[in-house]
Amino acid sequence: MNSTAVLERQNEILRRNIETMTMKNNKDGLSRQESSFYHTMVKEWHQNQHEINHKRD
């Protein structure tokens, strides 16, 4: 498994977790700790996207 495949797999997992957290936020709201974790996941997802796009070029 090459590094791009690993990043793509990480991105898929992050995307699923972000979706779950978004649904929870829309339904019940997030605690301060959950909100912080959510923002960290989004930042990591964006960074991974950037790295994947950079490696494809």
Side-chain angles (χ1 to χ4, degrees):
M1 198 174 220
N2 63 19
S3 63
T4 304
V6 171
L7 284 173
E8 288 173 352
R9 179 68 181 139
Q10 270 184 330
N11 252 13
E12 181 64 24
I13 294 168
L14 282 168
R15 187 186 59 78
R16 286 185 199 160
N17 288 338
I18 289 167
E19 285 179 1
T20 302
M21 294 288 283
T22 301
M23 289 189 302
K24 183 183 183 317
N25 186 29
N26 289 339
K27 183 178 179 185
D28 302 324
L30 297 175
S31 69
R32 185 174 291 210
Q33 184 178 12
E34 289 170 328
S35 180
S36 176
F37 183 61
Y38 172 78
H39 289 304
T40 302
M41 284 193 302
V42 170
K43 287 176 186 177
E44 187 175 343
W45 182 77
H46 280 287
Q47 183 177 356
N48 283 354
Q49 279 296 115
H50 177 74
E51 289 178 32
I52 289 170
N53 289 336
H54 183 69
K55 288 183 184 233
R56 287 182 181 162
D57 292 342

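Here the structure is a predicted model, which is why all the values come from computation and not from measurement. Count residues from 1 along the sequence.
- Shown here for Ser3 and Lys55, the closest heavy-atom pair between the two residues is OG-NZ, 3.0 Å.
- Put simply, the side chain of Asn53 gets close to the backbone of Gln49: a donor and an acceptor are under 3.5 Å apart.
- With values rounded to the nearest 0.5 angstrom, His46 atom NE2 is found 12.5 Å from His50 atom NE2.
- When the shell of 6.0 Å around NZ of Lys43 is examined, it contains 12 or fewer heavy atoms from other residues, nucleotides or ligands.
- Scanning both residues, Trp45 and Ile18, for their nearest heavy atoms gives CB-CD1, 3.9 Å.
- Distance check, rounded to the nearest 0.5 Å: CE of Met41 to CZ of Arg16 gives 13.5 Å.
- Closest approach of Leu30 and Met21 over heavy atoms only: CD2-O, 3.9 Å.
- We find the OG1-CZ distance between Thr20 and Arg15 to be 9.5 Å, quoted to the nearest 0.5 Å.
- Val42 and Phe37 fall within a single hydrophobic cluster, where Ile, Leu, Val, Met, Phe, Trp and Tyr side chains are chained together by heavy-atom contacts under 4.5 Å.
- Note that the CG atom of Asn48 and the CG atom of Leu14 stand 6.0 Å from one another [nearest 0.5 Å].
- Formation of a donor-acceptor pair under 3.5 Å by the Ser36 side chain with backbone atoms of Arg32 is not found in this model.
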Report task. Could you give me the CA-CA distance, side-chain angles and deciding distance for Glu51 and Gln47, then say whether side-chain contact (heavy atoms from CB on, under 4.5 Å) is met? Result -> CA-CA 6 Å; Glu51 289 178 32; Gln47 183 177 356; 3.4 Å; yes

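- For Glu19, the CD atom counts as densely surrounded, since its 6.0 Å shell holds more than 12 non-hydrogen atoms of other residues, nucleotides or ligands.
- Between the CG atom in Asn17 and the OG1 atom in Thr22 there is a gap of 10.5 Å [rounded to 0.5 Å].
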